[in-house]
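As a basis for the values below, the full set of heavy atoms in this structure was taken, side chains included, without hydrogen atoms, waters or symmetry mates. Atoms within each ligand, like the ligands themselves, are counted from 1 in listed order.
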Amino acid sequence: MATESSATTSGNSLHAEVVVLGAGPGGYTAAFRAADLGKRVVLIERYAALGGVCLNVGCIPSKALLHVAHVIHDAEESAPFGIRFAPPEIDLDKLRDWKGRIVKTLNTGLAGLAKQRQVTVVHGLGSFASDREIRVESPEGATTITFDHAIIAAGSTPVKIPGFPYDDPRLMDSTDALELKDVPTRLLIVGGGIIGLEMACFYHALGSKITVVELMDQLIPGCDPELVKPLAQRIQKQYENIFLKTKVSSIQSEEAGLRVAFEGEGAPASDLFDRVLVAVGRKPNGTAIGATSAGIQVDERGFIPVDDKQRTNVPHIFAIGDVVGNPMLAHKATHQGKVAAEVIAGHPSAFQALSIPSVAYTDPEVAWMGLSEAEAKAQGIEFEKAVFPWAASGRALGMGRREGLTKMISDKATKRLLGVGMVGPHAGDLIAEAMLALEMGADVEDIALTIHPHPTLSETFAFAAEMIEGSITDLYVKK
Ligand code: NAD
């Protein structure tokens with residue numbers, strides 16, 4: 001079903017100068033940018049609402065619930081300041097409605113933005129019929145869209161571990177968990193990555209006893225262990241159990257709950273949980289869009305290879321976001337979406353970001369960008385390193401949070417910034433400054449000499465640079 005046409009219509013067929021397959025953050029950004037550059041655009045989305053996983057069942061609703069978790073935790077942890085609150089009364093229906101209203105507001109906003117730009121939105125499941133045609137199936141019938149250029153923004157789906165009883169609603173993926181059907185007494189989270197730990201954070205705040213099972217030897221594998229440590233130490237005290245180097249070997253539905261068996265170094269005896277959330281990664285949707293009918297190359301994992309102009313092996317077909325590779329992050333997709341639209345419009349754009357920041361919106365938040373210490377070592381780069389403890393930040397102490405760190409590494413010869421990691425409240429917001437510094441080619445002197453407002457957590461970024469410069473006075477660093 002099509003709404004708001006700027007594209008050429010004929011019966012159940014449309015012609016687009018640019019067709020975008022998928023209306024997540026990458027897809028709608030690409031569509032809107034292409035329209036702003038004068039193209040007649042058709043945006044295809046299988047669901048009724050625009051915004052994709054991020055807006056509807058990912059980033060946005062999870063951040064709303066994480067805000068609730070922060071409010072609850074802050075209230076609980078204010079006793080040392082001489083302030084005591086009664087335990088919270090949670091109205092789950094109201095909480096669900098509030099989350100839903102945020103999503104709806106943004107959905108409506110996106111539909112409005114599409115309308116203002118005269119982007120034609122076609123709802124239904126799109127699949128390439130050839131390298132010039134996409135067929136969209138919906139309950140109302142099929143629509144054929146011919147195109148000059150296409151941008152694939154088809155995203156990713158949660159990985160499923162084979163053999164688990166997925167027909168049991170107590171076994172959840174991240175979408176199910178965000179529906180907030182109830183607050184399970186005991187919740188098992190399979191996968192100690194970003195999704196698993198964010199979900200653990202708000203279900204714990206709502207009152208669930210949390211167990212996390214992680215295959216690798218640390219939480220958020222791939223992140224600098226020095227940054228993960230303050231988070232791990234905090235949640236180890238809050239959660240029932242965290243098992244590393246462990247995996248779930250089977251899950252069986254029983255009336256009383258889900259019976260889970262474990263294997264691996266830290267494996268406990270089998271146990272019963274009220275609900276289990278599986279968050280063991282996402283896989284790209286590259287094989288689900290009829291790519292071969294258009295001659296588009298898809299690799300064995302389902303990713304679509306592209307060049308730095310986001311072009312696939314078929315020169316007039318582009319791909320962006322989760323479907324082109326890791327990291328699967330909305331802010332990567334939006335930037336790639338703009339590149340694809342601009343290249344199609346004849347601009348000399350390319351995706352040449354120096355880094356894509358990562359953030360776990362846990363409590364504390366963990367954020368990092370650029371090279372990690374391990375990556376710099378592996379690349380044989382001579383670097384200098386500083387770790388500023390937030391225990392020396394008046395602002396962090398005033399928040400009752402002393403566990404944070406700001407870690408910086410810089411090139412020893414040029415003093416250029418190489419990478420930054422932060423752990424602590426608001427680390428996800430603070431990392432943006434490090435991104436700007438990296439993109440602007442800042443060295444540690446630039447950062448140290450930039451006056452940061454006092455007292456803020458942002459100062460910790462400048463303090464880390466001062467540590468490398470040797471000009472820090474807020475700490476005593478032995479020469
Ligand atoms: P992930 O890859 O970040 O984490 C999955 C975790 O599961 C890993 O730690 C992995 O070692 C573990 N694992 C894999 N198989 C396992 C098994 N059998 N038993 C136990 N543990 C196992 O994936 P995710 O957390 O599912 O997130 C998926 C994607 O979504 C990622 O690309 C992530 O970056 C993105 N995402 C980002 C954000 C954010 O930016 N804040 C939030 C949510 C999701």
For [atom], grab the closest protein heavy atom and report residue, atom and distance to one decimal in Å.
{"atom": "atom 18 (N) of ligand 1", "result": "I161 CD1, 3.5 Å"}
{"atom": "atom 7 (O) of ligand 1", "result": "G191 CA, 3.3 Å"}
{"atom": "atom 4 (O) of ligand 1", "result": "G193 CA, 3.4 Å"}
{"atom": "atom 3 (O) of ligand 1", "result": "I194 N, 3.8 Å"}
{"atom": "atom 37 (C) of ligand 1", "result": "L329 CD2, 3.6 Å"}
{"atom": "atom 5 (C) of ligand 1", "result": "A279 O, 3.5 Å"}
{"atom": "atom 32 (O) of ligand 1", "result": "M328 CB, 3.5 Å"}
{"atom": "atom 23 (O) of ligand 1", "result": "G281 CA, 3.2 Å"}

Side chain, backbone, both or neither: N326 near ligand 1, heavy atoms under 4.0 Å | neither

Between V420 and L417, which heavy-atom pair has the shortest distance, and what is it?
-> CG2-CD1, 3.7 Å

So H204 and Y239, would you call those rings parallel, tilted or perpendicular, with 30° and 60° as cut-offs?
-> tilted

N285 side chain to T157 side chain, donor-acceptor N/O pair below 3.5 angstrom | yes

For ligand 1 and [X], I'd like to know whether there is a polar contact (N/O to N/O, distance under 3.5 Å).
{"X": "L215", "result": "yes"}
{"X": "Y361", "result": "no"}
{"X": "V359", "result": "yes"}
{"X": "I195", "result": "yes"}

Numbering the atoms of ligand 1 from 1, which are under 4.0 Å from a heavy atom of [X]?
{"X": "P221", "answer": "9 (O), 11 (O)"}
{"X": "V190", "answer": "19 (N), 20 (C)"}
{"X": "M216", "answer": "11 (O)"}

Give a yes/no on ligand 1: does P327 have at least one heavy atom closer than 4.0 angstrom to it?
-> no

Determine, for [X] against [Y], whether the closest basic-nitrogen to carboxylate-oxygen distance falls under 4.0 angstrom.
{"X": "R395", "Y": "E459", "result": "no"}
{"X": "D271", "Y": "R186", "result": "yes"}
{"X": "E373", "Y": "K377", "result": "yes"}
{"X": "D97", "Y": "K94", "result": "no"}
{"X": "K245", "Y": "E265", "result": "yes"}
{"X": "R170", "Y": "D274", "result": "no"}

Proximity winner for [atom], if only heavy atoms of [options] are counted:
{"atom": "atom 11 (O) of ligand 1", "options": "E214, K247, K63", "value": "E214"}
{"atom": "atom 28 (C) of ligand 1", "options": "R282, M199, E198", "value": "R282"}
{"atom": "atom 13 (N) of ligand 1", "options": "V280, V212, V213", "value": "V280"}

Do I304 and Q297 come close enough that some side-chain heavy atom pair is under 4.5 Å?
-> no

Is K309 positioned over the aromatic face of F351, cation under 6.0 angstrom from the ring centre and no more than 45 degrees off axis?
-> no

Donor-acceptor contact below 3.5 Å, side chain E342 vs main chain H347 | no

